[in-house]
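In what follows, a single structure is set out as structure tokens and then discussed.
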There are 2 protein chains.
Amino acid sequence: MTTEVKKNKKELTRQKNYQIILDAAEELFARTGYDGASMSLIANKAGVPKANVHYYFQHKDNLYKMVLDRIIEKWNFGLENIKAEDDPATILHHYIRDKVALAITQPMQSRLYATEIIRGAPSLHDYLCDETRQWVKGKVDVFQAWIDQGKIRKIDPMHLLFSIWSTTQYYADFQTQILLIMDQQEYAEKDVASITQTVSQLILGSLGLTVPTND
Amino acid sequence: MTTEVKKNKKELTRQKNYQIILDAAEELFARTGYDGASMSLIANKAGVPKANVHYYFQHKDNLYKMVLDRIIEKWNFGLENIKAEDDPATILHHYIRDKVALAITQPMQSRLYATEIIRGAPSLHDYLCDETRQWVKGKVDVFQAWIDQGKIRKIDPMHLLFSIWSTTQYYADFQTQILLIMDQQEYAEKDVASITQTVSQLILGSLGLTVPTND
DNA sequence: GTCTATAATCAGATAGAC
DNA sequence: GTCTATCTGATTATAGAC
């Protein structure tokens with residue numbers, strides 16, 4: 001085996017271990033909070049010695065930040081190129097549908113994000129001030145243009161956006177409560193459909209729009 | 001001083017200390033999570049020796065449960081006696097208004113509840129299965145009656161309720177994010193008004209109702 | 001009832017053999 | 001790069017003087 005091949009193999013195990021630890025950390029941070037997720041619990045779940053977690057990520061805080069970074073990248077999507085000329089009903093319905101799907105399939109990531117905000121966003125402060133604030137500003141402008149054109153009913157555009165976030169993320173963050181109330185073990189296929197339908201109906205309905213029948 | 005008076009005085013200090021510790025614990029549990037809030041931090045914040053916290057509440061878990069109990073009692077309000085004959089617009093608008101007010105004035109309690117649910121509701125499991133499920137069932141029946149009478153547009157009643165909870169609580173739980181995006185230190189009077197207005201418009205508007213102008 | 005001092009345990013982090 | 005053994009400090013909880 002040449003040194004080159006050896007090097008590649010090592011790099012591969014490195015990346016694999018890196019991901020395994022990140023996955024374990026994501027779930028534990030989401031499930032038990034920053035302080036509740038100990039490095040040894042994370043190491044156990046990942047199936048590596050605790051010292052290796054420190055070898056890869058040095059400090060706990062660094063590991064936490066890496067987990068958050070990965071989530072931010074994944075969640076930072078939707079409404080990318082919306083314009084005043086677009087059709088609000090289509091745009092918003094698709095955004096809601098995708099948000100609900102993400103909440104159902106990746107609840108842990110939503111929950112970790114939620115606990116970070118609830119803690120006062122110590123690790124996301126700058127990101128929220130820069131990227132998120134700018135992003136929101138852009139979307140709010142388009143919403144306002146829709147209102148001015150009479151495409152949608154008059155409403156506070158920023159709070160409209162917050163309402164979309166809250167109603168969709170709720171099904172990830174409060175899943176435990178929802179399922180206990182519904183007396184179910186997990187979301188069924190029809191639940192996803194009725195959640196999407198209800199939330200979409202709620203947002204679009206209040207704007208004087210009707211939910212598109214075809215996706 | 002008679003023994004009776006002495007006894008009353010002792011009982012009074014006991015209740016006072018009890019409340020002081022509960023208040024400190026509530027804030028710390030909400031801010032840093034169950035594991036992040038250490039007994040010594042709570043004792044410091046309350047201004048009592050750590051041993052006294054144990055004297056009053058024995059175990060950390062017990063203190064946490066007491067804090068939760070107090071929150072549940074306070075939040076378990078609204079829609080108490082609604083009936084199929086009531087006017088949906090008035091009922092729902094008042095419910096939303098009160099929920100928003102509570103979210104703005106008591107954000108810590110909402111956040112603590114949220115983290116408890118996100119953790120999988122270890123301490124609230126039974127409460128959610130019994131009280132909450134029954135409560136929801138009752139409200140859903142009334143909502144359904146409103147739909148059947150043609151008072152409100154057809155919508156999934158349970159998800160309608162979830163949407164009210166999510167949109168209102170969001171302003172407590174995600175306050176940090178919202179204020180950073182809005183570039184403000186705290187909610188202003190006019191914010192509370194526009195949040196109430198927007199959320200009410202959202203819920204009522206999607207039901208084919210209009211927001212009542214007079215409270 | 002109150003509080004100091006301390007026990008027992010577990011956390012994050014590292015040294016050093018392999 | 002990997003992992004055992006260990007250090008240091010913090011945590012929950014309690015014993016016992018006042």
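Note on naming: letters A, B, ... go to the chains in the order of the sequence lines (proteins, then strands), and numbering restarts at 1 for each one. Note that this is a predicted model, so its numbers are computed, not measured.
Taking a cutoff of 4.0 Å between a charged side-chain nitrogen and a carboxylate oxygen, A:D69 and A:K65 do not qualify as a salt bridge. Taking 4.0 Å as the cut-off between side-chain N and carboxylate O, B:K60 and B:D35 do not count as a salt-bridged pair.
We find that CG of B:N44 is positioned 10 Å from P of D:dT11, with the value rounded to whole Å. In this structure, B:K60 atom NZ and C:dT9 atom C1' are separated by 14 Å, rounded to whole Å. The interatomic distance linking B:Y64 (OH) with D:dT12 (P) rounds to 15 Å, in whole Å. Taking atom CD1 on B:I21 and atom P on C:dG1, their separation rounds to 12 Å, with Å as the unit. Atom CG of A:L41 is separated from atom P of C:dC10 by 11 Å (rounded to the nearest Å). In this structure, CD1 of B:I20 is placed 15 Å from P of C:dG1, rounded to the nearest angstrom. When rounded to the nearest whole Å, the span between NZ of B:K50 and P of C:dT6 equals 13 Å. Atom CG of A:L12 and atom P of D:dG1 are 12 Å apart (whole Å).
Among the protein residues, B:D61 comes within range of no part of the nucleic acid, since none of its heavy atoms lies under 4.0 Å from any strand. Across all strands shown, A:N17 has heavy atoms under 4.0 Å from sugar-phosphate atoms exclusively, and none from any base. If you check every strand for non-hydrogen atoms under 4.0 Å, B:F57 touches nothing.
With C:dT4, D:dA13, D:dC3 as the candidates, the nucleotide lying closest to the side chain of B:P49 is C:dT4. If you check C:dC3, D:dT12, D:dT2 against the side chain of A:N52, the one that comes closest is D:dT2.
Across the interface with DNA chain C, nearest-nucleotide mapping of B:A51 and B:R14 shows B:R14 to be the residue nearer the 5′ end.
Scanning both residues, A:A37 and A:I42, for their nearest heavy atoms gives O-CD1, 4.2 Å.
Not one side-chain nitrogen or oxygen of A:Y55 sits closer than 4.0 Å to the OP1 or OP2 atom of C:dT14. Side-chain nitrogen and oxygen atoms of A:Y56 include at least one within less than 4.0 Å of the OP1 or OP2 phosphate oxygen of D:dT2. Close to C:dG12, at under 4.0 Å from its OP1 or OP2, lies no side-chain N or O of A:H59. Between D:dA13 and B:H54, a contact under 4.0 Å exists linking OP1 or OP2 to a side-chain N or O.
Applying side-chain hydrogen bond (donor to acceptor under 3.5 Å, both in side chains) to A:E26 and the options A:Q106, A:Q109, A:R111 leaves one that passes, A:Q109.
Heavy-atom neighbours of A:K45 NZ from other residues, nucleotides or ligands within 6.0 Å: at or below the threshold of 12.
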